[in-house]
Amino acid sequence: MLDIAFIRQNPDLVQAAVTNKRQELSVSDLLAVDKERREGIASIDAKRARKNQLAALVPKASKEERPALIEEAKAVRTELEALEPKMTELQKRFDDMMLRVPSLPRPEVPIGKGEEDNVELRKVGTPRTFSFTPKDHVDLVTGLGLANWDGPRKFAGGRSYALTGMGAILEMAVTRLAIDMLVERGLTPVIPPVIVRERALVGTGFFPLGREEAYAIPADDLYLVGTSEVALVSLHADDILDPASLPIRYCGMSPCFRREAGASGKDTKGLYRVHQFTKVEQVVFCVPDEEVAEKEHYTLLGNAEAILAKLEIPYRVAIACTGEIGLGQTRKHEVESWMPGRNAYAETHSCSTLGDFQARRSNIRFRKEDGTLAFPFTLNNTAIASPRILIPLLENHQNEDGSVTLPKALVPYMNGVEVLRPKA
RNA sequence: GGAGGAGUGGCCGAGUGGUCUAAGGCAGCGGUUUUGAAAACCGCCGUAUCGCAAGGUACCGGGAGUUCGAAUCUCUCCUCCUCCGCCA
């Protein structure tokens, strides 16, 4: 969501953002509705003013004058009752359109349509050359007994799995490693609710466009979140933050639920694309200053890179093009980890700045030094998402006999286990 | 799940149908006074929206209704509190 005043003044900029982000919205239609809405407000307000005026006159009027006043007041009310539903309808149309207005991409974001237009910025670490044919993670996981594939698919459906034995410990280890690193860097750990009201999803920008991606609980009118970002941002919905509290930096850990609608047939095997996973997510609220936000953005990106470095996983960083960034994002970097089983880099982290997009929708404000209210900026980035991260972790550190030598940093979190060995 | 109670501005709190701008207090800001501070006194002190402005409109947890007129009456939802039941 953007400021309607900004949209009025810069319709071309906004329409360009719509086009570049491959969204669908006519800014001129939006402005037409806005104009009609404002005219409606003016005429309704005038009638309400008259209504209030008459209501004040009635008790002061003499017995003789009173019936005429009440009669006029009734007439005004009838007129209002005719106008108000139209106004409500108009306002709803306006609100719906406003929810589809994208934020403006930052100048450094390349204009493009799809993944192929993302721009690689750097590669860090060198993919290992194997003296044997490396196994993919499905074979490794199966050989090491880290997951049960078949059981869950029978009772929970496709894209489900159960981490078992050291597989379960491994997920706890990588998430705990990530949390410890982030706490060390000053983020506040949070375990938030994952069952939320619609307003949290609208407020963070996942709804209405991403409605199909969320699991719904219709009996209670609730939804399962696809990321703890939804809860961490909503934590401050309707708040007026103390400027001294900014920046607020959280790291949330939660299960994440995604229907993966529209991905049918894609990545159906293994741990890459699943309906339920665990993610440690970083979320920041900061003052609405592009320089400050940029600094926070690269700090979050750096945190994710530091975690990958600890796990000794080669990766590359790319800046996503306009066609690949979401409605609210003004800038997004993707971190892709090297997955030998794919012989390719694949996305494991996503770092975004959203400007005041989420703050506007969630009504999160802070009081500036001069006493006026302003919307803060929000940012977020994956710290670690498991089990997807287990793919590069296992594949990069595998040995010829199917065992996996764990990176040193992980050993303390694995009760001292240094090597995962295949079942006999 | 059942029964009861409560939600008013940054905070406390008055207000159960009509003095148009929701009393009062606290906190905050500006000023007078003072060597300085405190105290005292005076003034300012919610948000959104429409308008060039004057000014208007909306908001007393959310939504709907009754009425010429609703913070106040009715319905409904949400949140919190108390008790009962169930439960990791």
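Naming: A, B, ... by sequence-line order, numbering from 1 per chain.
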Does the A:His349 side chain pair with the main chain of A:Ala383, one donor and one acceptor, at a distance under 3.5 Å?
yes
Write down the distance separating the P atoms in B:rA71 and B:rA58, rounded off to the nearest Å.
10 Å
Measure from the side chain of A:Arg365, starting at C-beta and using heavy atoms only, and say which of B:rU49, B:rU47, B:rU57 lies closest.
B:rU47
Taking only the P atom of each, what is the distance from B:rG62 to B:rU79 in whole angstrom?
15 Å
Report the C-alpha distance between A:Glu229 and A:Gln358 in whole Å, list the side-chain angles of each, state the deciding distance to 0.1 Å, and finish with yes or no for side-chain contact (heavy atoms from CB on, under 4.5 Å).
CA-CA 11 Å; A:Glu229 170 197 343; A:Gln358 291 180 322; 2.8 Å; yes
Quick test: give all pairs of protein nitrogen or oxygen and nucleotides 75-79 of chain B nitrogen or oxygen below 3.5 Å, distance rounded to 0.1 Å.
from, atom 1, to, atom 2, distance (Å)
B:rC78, O3', A:Arg197, NH2, 2.6
B:rU79, OP1, A:Arg197, NH2, 2.9

C1' atom, B:rC83 versus B:rA70: distance in rounded Å?
34 Å
Is the shortest side-chain N/O distance from A:Asn52 to OP1 or OP2 of B:rG69 below 4.0 Å?
no
From the options A:Val194, A:Thr204, A:Leu224, select the one residue that forms a side-chain contact (heavy atoms from CB on, under 4.5 Å) with A:Val230.
A:Thr204
If I pick the P atom on B:rG15 and the same atom on B:rA23, what distance separates them, to the nearest angstrom?
14 Å
Check for a donor-acceptor pair, side chain of A:Glu395 on one end and backbone N or O of A:His137 on the other, with a separation under 3.5 Å.
yes
Any side chain to side chain donor-acceptor pair (under 3.5 Å) involving residues 158-167 of chain A? Give me the pairs, sequence neighbours left out, ordered by first then second residue.
none
Look at A:Lys74 together with A:Glu79 and state whether they make a salt bridge at an N to O cut-off of under 4.0 Å.
no
Look at all strands and tell whether A:Arg8 reaches a base, only sugar-phosphate, or nothing, counting heavy atoms closer than 4.0 Å.
sugar-phosphate
Is the closest basic N to carboxylate O distance between A:Glu312 and A:Lys408 below 4.0 Å?
no
Can you tell which of B:rG56, B:rU47, B:rG51 lies closest to the side chain of A:Leu373?
B:rU47
Please enumerate all protein N or O atoms sitting under 3.5 Å from an N or O of nucleotides 62-68 of chain B, with distances to 0.1 Å.
from, atom 1, to, atom 2, distance (Å)
B:rC68, OP2, A:Arg77, NH1, 3.4
B:rC68, OP2, A:Arg77, NH2, 3.2

Nucleotide forming a Watson-Crick or wobble pair with B:rU66, both distances under 3.5 Å
none
Quick one: look up who B:rU16 pairs with, Watson-Crick or G-U, both distances under 3.5 Å, and put none if it's unpaired.
none
Please give the distance between the C1' atoms of B:rU66 and B:rU72 as a whole number of Å.
13 Å
When rounded to the nearest Å, what value does the distance between C1' atoms of B:rC77 and B:rC87 take?
26 Å
Are the charged groups of A:Asp180 and A:Lys310 less than 4.0 angstrom apart, N to O?
no
What distance, rounded to whole Å, do you find between the two C1' atoms, one in B:rC68 and one in B:rG17?
12 Å
C1' spacing across the pair B:rU34 / B:rA39, given as an integer number of angstrom:
11 Å
Charged N to carboxylate O below 4.0 Å: is that the case for A:Arg331 and A:Glu108?
yes
Under 4.0 angstrom, heavy atoms only, what part of the nucleic acid is A:Ala56 near: base, sugar-phosphate, or nothing?
nothing
Base partner of B:rA6, which must satisfy Watson-Crick or wobble distances under 3.5 Å:
B:rU79
Considering only heavy side-chain atoms of A:Arg37, the closest of B:rG51, B:rU47, B:rU49 is B:rU49
Just to be sure I understand the rule, does A:Arg199 reach a base, reach only the sugar-phosphate, or reach nothing, if contact means heavy atoms closer than 4.0 Å?
nothing
Considering only NZ, NE, NH1 and NH2 on the basic side and carboxylate oxygens on the acidic side, decide whether A:Glu334 and A:Lys332 come within less than 4.0 Å.
yes
What is the distance, rounded to the nearest whole Å, between atom CE of A:Met87 and atom C1' of B:rC50?
10 Å
Both distances under 3.5 Å, Watson-Crick or G-U wobble: report the partner of B:rU34, or none.
none
